[in-house]
Amino acid sequence: MELAVHLRDAVALLGRFPALAGADLDVARGEVVLLRGPNGAGKTTLLRVCAGLAAVSSGVAEVLGVDLVRHRSAIRRRVGLLGHATYLYDDLTVTENVDFWARAAGAEVADGRRALDRLEVASRLHDLPVHTLSAGQRRRVSFAAMVARRPELWLLDEPHAGLDASGRDIIDGLVREAASVGATVLFASHELDRADDVADRTVEVVGGTVVTAPQDAPPLDAPSPLAAPPSEGVASDA
Amino acid sequence: MTVDNPTTGAGRPPGAASEPPTGPPTTGSTATRVLGVITLVGIAALVLLGVFLTPADAELGDTIRILYMHVPTVSTAYLAFVITAIASVMYLWKRTEFWDLFAASSAELGVLFFALTILNGMLWGKITWGVFWRWEPRLTTTAVLMLTYVGYLAVRQIPNDTRTRGTISAVIGIMAVVNIPITHKAVDWWRGLHQEKTIFGTVDPDMKGLQLFTAYLGLTVFLVLFAWLLIHRFRVAWLAERAADVGVDAAIAERRAERAVPSSAGGAS
Amino acid sequence: MSDTAYIATAWIATFGSLGLYSLWLLRRGRKLSRSVPPDERRWL
Amino acid sequence: MRDAVLVMTKDLRLEWRSKVGIGQVLPFSLLVVLLFAFALDPERGVLDRVTSGLFWVVVLFSSVLMIERAFSVEAADGIFDALRLSGLAPAAIYAGKVAALAVQLLAVEAVLAVAVAVFYDTTFRTPVLTVGVALVATVGIAAAGAVYGALAARLRSGTTLLPLLLLPLLAPVLIGATRGFEVALGREAGPGWPWVALLGIFAVVYLTLGALLFRPLLEDA
């Protein structure tokens, strides 16, 4: 079974702070894996490393057959990342944004519009500048922009955040559909009840490393007040 | 010269040998001591010859004594920026920390030598023109070019991870060095082509005997001095990075410790 | 200030500042060397 | 090439939507033209001697504002990451940004030229040379500006750093463009084309350099 993501003892530094301190992870193609873990555990960095955006300072890191330590920009085109940012130009309208990102990826404008409809972004919003939209609507538009690019590897950082119930259903549907078509999905989430029935497997990220928790691991209680990271003022990610 | 191992970031395999510190306590080494001695002897000779023994110049009078030190200073500065550009290209290609720190060290020396160049130029100007500053081609070019490299050093002060800082510095290092010939040409045309008494006449051929020897002595002394400074500056930069790294292994160990106790301390955020 | 005074200033200022810079470098090197484990010191 | 046009149209549409260039940068440049008039006491005939130099100093300041704006848009909202993932060739993004910047700068320069002609009653005797100098100088400014704009946009104190990095580098452009305009205004004898040639070398050198350097800049700076 060909591996989409293969990490062995991967270390990724944010400044001097080891956001990833030796992570091991194997994800097969077409698998949907949920990343669970407290804030600051390194989930976001793990996703950014898989997207080829964060540098791996030591260890083995191969995504979609590309060695990330040597030339990590090679896989970016084949990866879709959805984070807390919207990745949208505030002053451009919804359609202009989606059209731009679709055509930038070499996809058709029609793909973008279809993705918008899949995300049920009301057509009356299509010609409004993005900054007038609510956070939930913006997240749907950025999700549509990502879907239009048809990435082989979906990296979603708390995709459900800020979405209403119908939005979450749409996203879960899209994730299942993408996995069925052979795409691989890696997503971090705190909504454990909903995420569990979408994900094939759950993996726990703690302290910058991956602990493959058993399927029904007990829910985590709230983390105590957090110790300041040892490095000078580099805030670690969520 | 041992080239750094190909890992790109500052991380290195944990578990370094921890025997008591036996390495040399300073950035000195036999090589630098030899260079150091040669430099000091050379400077002494240069001062002796340049200031006292050589006759005043037929055309430039005593002001040639400043030139003996002035021309080598500016040549070393330009050499420093060429080295920075080459090291920057190598960094963008090889991505090893060695080239990044090498480029930065050379740039810092370049700015120092440019500052001295301007200082000497103004003093020379005071004698020749009676005024510290004239919009004379060489002085103007030096001032403008120095500002582009002050920008280079300013960027390196901004706290950033080493990869980003390295890449941005390399880009500036390359953009700035290409500006040197262009600015030279522009400023020359700007002040018109008539060759007024400029301070940078190449080591003019009609100099002879002792004057010519002193001029070339100056160049060699400054090159050796530059080499000595560059080696030390590079090692200081290298040690600064390693000193910062010392914390990384502890941080990685501490981070992994969180894993053992997942539900109590939680991740640092 | 006579010409020779300017010439003297030029030489003293140049080698003075180079000397100070070198001392600063050596001092900083010595201080940093102490805080770095021995195998870290890489000489050209 | 198609990607470059895509980026350029996106930038120009962004400008058209937000009107920062026309609404803020252009009025700023006209304001500075007035300020210089206040400072230099038009009666004493100083103004017409410094018109071309003043024009280009104003253009340089306006270009810093415009470049800073053009790239702060990209740095916001994680768009820089999206660009890295987008599959757009870095050189295409660079070319698109430079083209968009040049178009906006030329618009500002056109209005500025009218203002200068009116306020300082200057007449551009040889319009062909004037336009030529302006075109080549603007391409040079945009070419160097786009590289520094991209790297300054993601540094924390990038806005204050951009002028320090860019303006010294643009010294040859300021010299070439000013002297080119002096010839165009008929205030200086001699051929104007050497200055255009100098500006041309600057533009070509920095266009190629920018296209080459944008890849590492985008990749992991």
Side-chain angles (χ1 to χ4, degrees), chain B residues 8-9 85 88-95 100 111 114 135 137 140-193, chain D residues 53 80 140 143-158 160-180 182 188 190-191 194-195 197-210 212-221:
Chain B
T8 50
S88 299
V89 170
M90 287 302 290
Y91 175 75
L92 290 183
W93 176 26
K94 285 277 201 291
R95 290 271 166 213
D100 174 39
V111 171
F114 251 1
W135 291 101
T140 329
T141 318
T142 317
V144 165
L145 291 176
M146 190 172 125
L147 283 173
T148 43
Y149 281 95
V150 164
Y152 178 96
L153 296 179
V155 162
R156 290 196 75 91
Q157 303 310 324
I158 299 172
N160 227 320
D161 64 81
T162 46
R163 288 187 67 83
T164 315
R165 187 189 62 186
T167 307
I168 288 180
S169 312
V171 165
I172 296 175
I174 297 168
M175 292 280 281
V177 78
V178 171
N179 197 34
I180 293 179
I182 298 178
T183 307
H184 261 282
K185 181 56 61 191
V187 171
D188 279 354
W189 285 3
W190 174 52
R191 297 311 310 145
L193 289 183
Chain D
F80 210 84
V147 175
Y148 278 148
L151 62 89
R154 286 187 346 285
L155 292 174
R156 264 184 290 284
S157 53
T160 45
L161 194 71
L162 184 58
L164 172 63
L165 285 173
L166 186 58
L167 292 178
L169 196 84
L170 292 180
V173 174
L174 182 59
I175 292 172
T178 307
R179 295 300 290 273
E182 285 288 277
E188 191 183 300
W195 298 112
L198 177 74
L199 293 168
I201 293 169
F202 185 93
V204 166
V205 162
Y206 278 105
L207 274 175
T208 32
L209 211 54
L212 289 173
L213 291 176
F214 221 71
R215 173 172 292 283
L217 254 185
L218 201 60
E219 207 138 90
D220 56 4

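The basis for the numbers below is simple: all heavy atoms, side chains too, and nothing from hydrogens, waters or symmetry mates. Residue numbers start from 1 in every chain, and the chains themselves are labelled A, B, ... in the order their sequence lines are given, proteins ahead of strands. Because the structure is predicted, anything quoted here is derived from the model rather than measured.
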Locate the shortest heavy-atom distance separating [X] from [Y]; write the atom from each residue and the value.
X        : Y        : answer
B:Trp189 : D:Trp195 : CB-CH2, 3.5 Å
B:Ala154 : D:Leu161 : CB-CD1, 4.0 Å
D:Pro168 : B:Thr148 : CB-CG2, 3.5 Å
D:Pro216 : B:Arg95  : CB-NH2, 3.6 Å
B:Ile182 : D:Leu198 : O-CD1, 4.4 Å

B:Arg156 atom CZ, over 12 foreign heavy atoms within 6.0 Å: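 Counting other residues, nucleotides and ligands, CZ of B:Arg156 exceeds 12 neighbours.
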Could you give the distance from [atom1] ([X]) to [atom2] ([Y]), rounded to the nearest 0.5 Å?
X        : Y        : atom1 : atom2 : value
D:Leu209 : B:Asn179 : CG    : CG    : 10.5 Å
D:Glu219 : B:Leu92  : CD    : CG    : 10.0 Å
D:Leu218 : B:Thr167 : CG    : OG1   : 11.5 Å

Counting heavy-atom pairs under 4.5 Å with chain D, which one of B:Thr183, B:Asp161, B:Ile172 comes out on top?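 Between B:Thr183, B:Asp161, B:Ile172, the count favours B:Ile172.
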Looking at B:Thr140, B:Val144, B:Leu145, which one has more heavy-atom pairs under 4.5 Å with chain D than the rest?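 Option with the top pair count is B:Val144.
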Sidechain-backbone polar pair: [X] side chain, [Y] backbone, donor-acceptor under 3.5 Å:
X        : Y        : value
D:Arg154 : B:Thr164 : no
B:Tyr152 : D:Leu165 : no
D:Arg156 : B:Ile158 : no

Between [options], who has the most heavy-atom pairs with chain B when the cutoff is under 4.5 Å?
options                                : result
D:Tyr148, D:Tyr206, D:Phe202           : D:Tyr206
D:Gly158, D:Ala152, D:Pro194, D:Gly210 : D:Pro194
D:Val147, D:Val205, D:Val173           : D:Val147

Quick check on D:Leu155 against chain B: is it the side chain, the backbone, both or neither that has a heavy atom closer than 4.5 Å?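 For D:Leu155, side-chain heavy atoms alone lie under 4.5 Å from chain B.
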Select one option (side chain, backbone, both, neither) describing which atoms of D:Leu151 are under 4.5 Å from chain B's heavy atoms.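 Contact with chain B involves both backbone and side-chain atoms of D:Leu151.
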